[in-house]
Amino acid sequence: MNKLELTNQANPEYTLKVEHLKVVSTQGAELVRDVSLAIKPGEIVGLVGESGSGKSITTMAIVGILPDGISIAKGKILFQGQDITRISADERCGINGNKLGIIYQDASQALNPLMRIGKQIDEVLKIHTDLSLSERQDRVLGTMRAVNLPDVKNLAKRYPHELSGGQRQRVLIAMAIINNPQLLIADEPTTALDVTVTAQILDLIKIINESKQISVLYISHDFSTVNKLCDRVFVLYAGIPVEIGSVKQVIENPQHPYTELLLESIPTKEKRGQKLLRMKGRTQDPRGPALNCQFADRCPKAFGRCRQELPPMYQVTPGHTAACFLLNNKGE
Amino acid sequence: MSERTNNLLELRNIYAGYSGSIRKMNHVLQDLSLSIKNNECVGLIGESGSGKTTLANIITGFLQPISGQILFQDNSIEKLALKKRAKQLSYNIQMVFQDPYSSFNPRKTIGYQLMEPLVIQKRFAEEEIEAKAYESLEQVGLAPDYFLRYPHQLSGGQLQRAALGCSLIMTPRLLIADEPVSSLDVSVQAQVLDLIQDLREKLEFSCLFISHDLAVIYHLCDTVAVLDQGSIVEYGPVEKVFENPQNDYTKQLIFSMGY
């Protein structure tokens, strides 16, 4: 614990900084190829990508729960200035659930079905703090109220199956924020929920972020929720970020053809009844090293160079970058 | 009995539910009336627990209503025994489910499962059925070699296409799609939506499209019905309802989607 406290102030500029992360499987497939991202204190960053883009693997690497046979090959993950890629299990326990809160996608699977709600939330405090039983109880009920759960005393005695999907998701959020973490990782927290409940959960995450200045890494494939919640967004394709910028920059003025086509494929008022998709084929399964633009085969604007080299990040406007050779031509 | 209308399917004052105990019946649908015209695509919105799936079950005949009338092409069908009704209607009403992975038998090839409904119906000769299966694969945009593949060899989007093929091989008049795109990625969802639209133009069937995604409903449907606590609280042309919702629940839904 002490070691962590000391390093707290080492790098106050970023809560989380991922540098050139590369995650591979034992078969040699590159699941995450080269991801760098930085989250400032109090910032909400969105990580957008489709299945197979490596967004979940990136989060797993940050949280330290990569499955067997998948490991970090290269790169650093700096959490409050400390590299957490090769820390011991004990040190990991000091971070997860304490300084790093995690909300998983499927709330019904993330909760223990045989344990009462109150006890499950209390478990986090039991492990990470020295508070007495009554102090812990107060804090459990207080946090449950903070996430807008109704009738908390009664609800704390219930089992997960007795709660609705939205309530279960709120319980998960309560567990994630009860220790006042510096970073909250939300891995598609709303995919299983109704529209109105989704809006409520997003509001709640925003309120937590603002009131406690907790940074949030929000993982999703849904641009509309990212648009509502995030400050900055990283678009991931085949394990490489293809476009980075503020939500406004990326959504209103997408520069990478993939982002453009992905945004186009979302049904909106204006596109009613029209064709949605101009993208060809589908995401390739992860393979060896990336030697050219991974999107070239599906890109309607691809030219010779796209198939020969891997494009670097080009700056569009300050804070807005995209990995596409088309931007190079514009600059010249 | 009555004169012909343009309605393909009409539900009148349906009450339905599942029995908790013998005395107590949980009413899921209460006094529900809805009509689907020929070649019309009706979107059905509602939260979890509002009765969307129960309604689909009533139409397909998985569940018998407690009271109320169901008219298919102006013929009353609710009095037919479920088995008989399923047999009679399976030509005409087909369903696509939310999770394509659990709607296929993992041990049979896609081709086998495409042919199965036709084999059961015994309407066609064997060679004809096989030809129809290949035709159906082509219709939903899958290459012929998918005929011999197993479900686990397909991605979610491809499998949902195959599921569409299985339903449309019966050339139904009505397709009920229960959240067919909600488990798919954005670009794959777009592909499947494009496909449904293409097929509707080509094959001319009516569609009851169940979803909680208003954007999808707006994109695809002509008419929208909003279901809340077992009854239709708002019904009308999509543009009208989205621009000027009357019901509080609809307003809240549309507001939370940012429309």
- request: Please look at B:Gln197 and chain A and tell me whether the side chain, the backbone, both or neither of the residue comes under 4.5 angstrom of a heavy atom of that chain.
  value: side chain
task: Check the side chains of A:Tyr258 and A:Gln294 for a donor-acceptor pair under 3.5 angstrom, ignoring hydrogens and angles.
output: no
query: At a heavy-atom separation under 4.5 Å, does A:Ser224 approach chain B through its side chain, its backbone, both, or neither?
result: neither
statement: Between A:Ile185 and the options A:Ile62, A:Ile103, A:Leu47, the side-chain contact (heavy atoms from CB on, under 4.5 Å) test singles out A:Ile62
- prompt: Is it true that atom NZ of A:Lys275 has more than 12 heavy atoms of other residues, nucleotides or ligands lying nearer than 6.0 Å?
  reply: yes
field: Residue B:Leu184 versus chain A: region with a heavy atom under 4.5 Å
entry: backbone
- prompt: Got a salt bridge between B:Arg149 and B:Asp145, using NZ or NE/NH1/NH2 to carboxylate O under 4.0 Å?
  reply: yes
Over 12 foreign heavy atoms within 6.0 Å of CD, B:Gln229: no
message: Between A:Gln200, A:Glu264, A:Gln274, who has the most heavy-atom pairs with chain B when the cutoff is under 4.5 Å?
response: A:Gln274
statement: Bottom line for B:Leu193: the part with an atom under 4.5 Å from chain A's heavy atoms is side chain
